[in-house]
Each structure stands twice: as structure tokens, then as C-alpha cells.
Amino acid sequence: MLDFVKIKADLETSFNKERADGVDIDINVNVISETNGKFSVSVFEGKCTITDTNLPKADITVGFVDKDTMIEMFTKGKDPVKLVMGGKMTFNGDMSKGKALKGLFVGEE
């Protein structure tokens, strides 16, 4: 079971406001191995909002095989292309908006 409160706190703590300038994106997140593995992340006007449900419509939907992979991608800068190629992550949606995710929650590598 996902500890949503901890995940929300971790993402809010690692949110990089400087990188969010001009970013407007809604992301649905699905952690496949967790019964409560759905949540959403919205970035708009330099603010990050995280809710414990998926949005009815999102720019991007990402799926992860487990919570560790999700945490690696969001807060530890794991390369999403490698995760997709390795079968640990799925990506659906606007690829150009997906590029805006780089550095939003961690410093660039």
C-alpha cells in the first residue's frame, strides 16, 4: 500500500520552483503493484498540487511497476526513457509536455 502522505510530502519537498516557471502540466500516476496506487500531480503557475486520485483528464499518464521505480523517477532523477525501455514504466500523452518534467523534482543530472 502506498503511503500517500509520505509521497506527497517528498514530492512537495523536492519540488523545484525555479524549473516550474512556465510549466503547465497535469500528470496521472499509476503504481501498478499497489491497491491505492493512483494519484495526480499538477504543476501550474509555479505551484505543485498533488491529490490522491487520478484526474478525469491529464496531459500525461505514467505507470510504474512499483513504488520504488516511481520514487526513483520523480525524486532521484532516474532516466524515464531507460525505465520505459526496461519495462518498468509506461508513458502515454504529450511527449513535449513530458520533457518539462525533467528537473521539476530533482536537480538535473
Side-chain angles (χ1 to χ4, degrees):
M1 182 172 239
L2 281 183
D3 183 348
F4 176 74
V5 173
K6 180 175 180 350
I7 289 169
K8 181 178 180 185
D10 288 349
L11 290 177
E12 288 173 343
T13 299
S14 63
F15 180 63
N16 185 342
K17 286 186 178 189
E18 291 78 34
R19 295 282 301 166
D21 189 37
V23 174
D24 176 9
I25 191 167
D26 291 320
I27 308 157
N28 280 337
V29 179
N30 298 315
V31 182
I32 298 161
S33 63
E34 304 292 334
T35 54
N36 66 332
K38 294 184 179 197
F39 65 96
S40 64
V41 177
S42 297
V43 177
F44 181 67
E45 294 183 347
K47 294 183 178 138
C48 179
T49 305
I50 302 160
T51 59
D52 64 354
T53 59
N54 277 170
L55 300 167
K57 185 175 179 186
D59 299 303
I60 297 170
T61 299
V62 289
F64 299 94
V65 294
D66 55 42
K67 69 180 176 186
D68 293 335
T69 303
M70 182 266 305
I71 291 167
E72 285 177 359
M73 201 282 291
F74 275 114
T75 64
K76 296 181 182 172
K78 188 78 172 183
D79 183 359
V81 174
K82 288 182 182 175
L83 291 174
V84 170
M85 298 301 286
K88 293 187 172 200
M89 181 180 130
T90 60
F91 180 98
N92 289 318
D94 187 337
M95 290 292 261
S96 63
K97 284 202 171 200
K99 291 178 184 177
L101 287 174
K102 183 142 179 85
L104 273 183
F105 295 96
V106 293
E108 292 212 36
E109 293 187 339

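Values reported hereafter were calculated over all heavy atoms of this structure, with side chains retained and with hydrogens, waters and symmetry mates removed.
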Are side-chain heavy atoms of [X] and [Y] found at a separation under 4.5 Å?
X	Y	answer
F15	V43	yes
L83	K78	yes
F74	F64	yes
E12	I50	yes
I60	N92	no
K38	V29	no

Can you give me the closest heavy-atom contact between [X] and [Y], atom names plus distance?
X	Y	value
A20	G46	CB-CA, 4.2 Å
L55	S42	CD1-OG, 3.7 Å
N28	S40	OD1-CB, 3.6 Å
V84	F91	CG2-CB, 4.4 Å
M89	P80	CE-CB, 3.7 Å
T51	F39	O-CB, 3.0 Å

- Message: Among V62, T61, T90, exactly one meets side chain to side chain contact (heavy atoms under 4.5 Å, CB included) together with N30. Which residue is that?
- Response: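 Running side chain to side chain contact (heavy atoms under 4.5 Å, CB included) over V62, T61, T90 with N30 returns exactly one hit, T61.
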- Option from V41, V31, L2 for which side chain to side chain contact (heavy atoms under 4.5 Å, CB included) with I7 holds: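 Among V41, V31, L2, the one meeting side chain to side chain contact (heavy atoms under 4.5 Å, CB included) with I7 is L2.
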- Query: Distance-only, no hydrogens or angles: does the T13 side chain make a donor-acceptor pair with backbone N or O of A9 under 3.5 Å?
  - Reply: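 A pair under 3.5 Å: yes.
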- Message: With a 3.5 Å distance limit and no angle check, can you tell me whether K57 reaches the backbone of D26 through a side-chain donor-acceptor pair?
- Response: no
- By salt bridge (Lys or Arg N to Asp or Glu O under 4.0 Å), which residues pair with K88, not counting sequence neighbours?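 Applying salt bridge (Lys or Arg N to Asp or Glu O under 4.0 Å) to K88 gives none.
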- Message: Starting from L104, can I reach V81 by hopping between I/L/V/M/F/W/Y residues whose side chains sit under 4.5 Å apart?
- Response: no
- Message: With clusters defined by side-chain heavy atoms of hydrophobic residues (ILVMFWY) lying less than 4.5 Å apart, directly or transitively, does V65 cluster with M85?
- Response: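 No, M85 does not connect to V65 through the hydrophobic network.
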- Message: According to side-chain hydrogen bond (donor to acceptor under 3.5 Å, both in side chains), who are the partners of D59, at least two apart in sequence or on a separate chain?
- Response: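 So D59 forms no side-chain hydrogen bond (donor to acceptor under 3.5 Å, both in side chains) with any residue.
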What's the separation between atom [atom1] in [X] and atom [atom2] in [Y], rounded to the nearest 0.5 Å?
X	Y	atom1	atom2	value
E34	K67	CD	NZ	5.5 Å
K8	T49	NZ	OG1	8.0 Å
I25	C48	CD1	SG	11.0 Å
D21	N16	CG	CG	11.0 Å
D10	F105	CG	CZ	11.0 Å

- Message: For S14 and T75, which I'm curious about, is there any donor-acceptor pair between the side chains at under 3.5 Å?
- Response: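 No, no side-chain donor-acceptor contact under 3.5 Å.
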- Item | Modelled atom types, side-chain donor and acceptor of D66 and S33, under 3.5 Å |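 Note: D66 and S33 side chains miss the donor-acceptor criterion.
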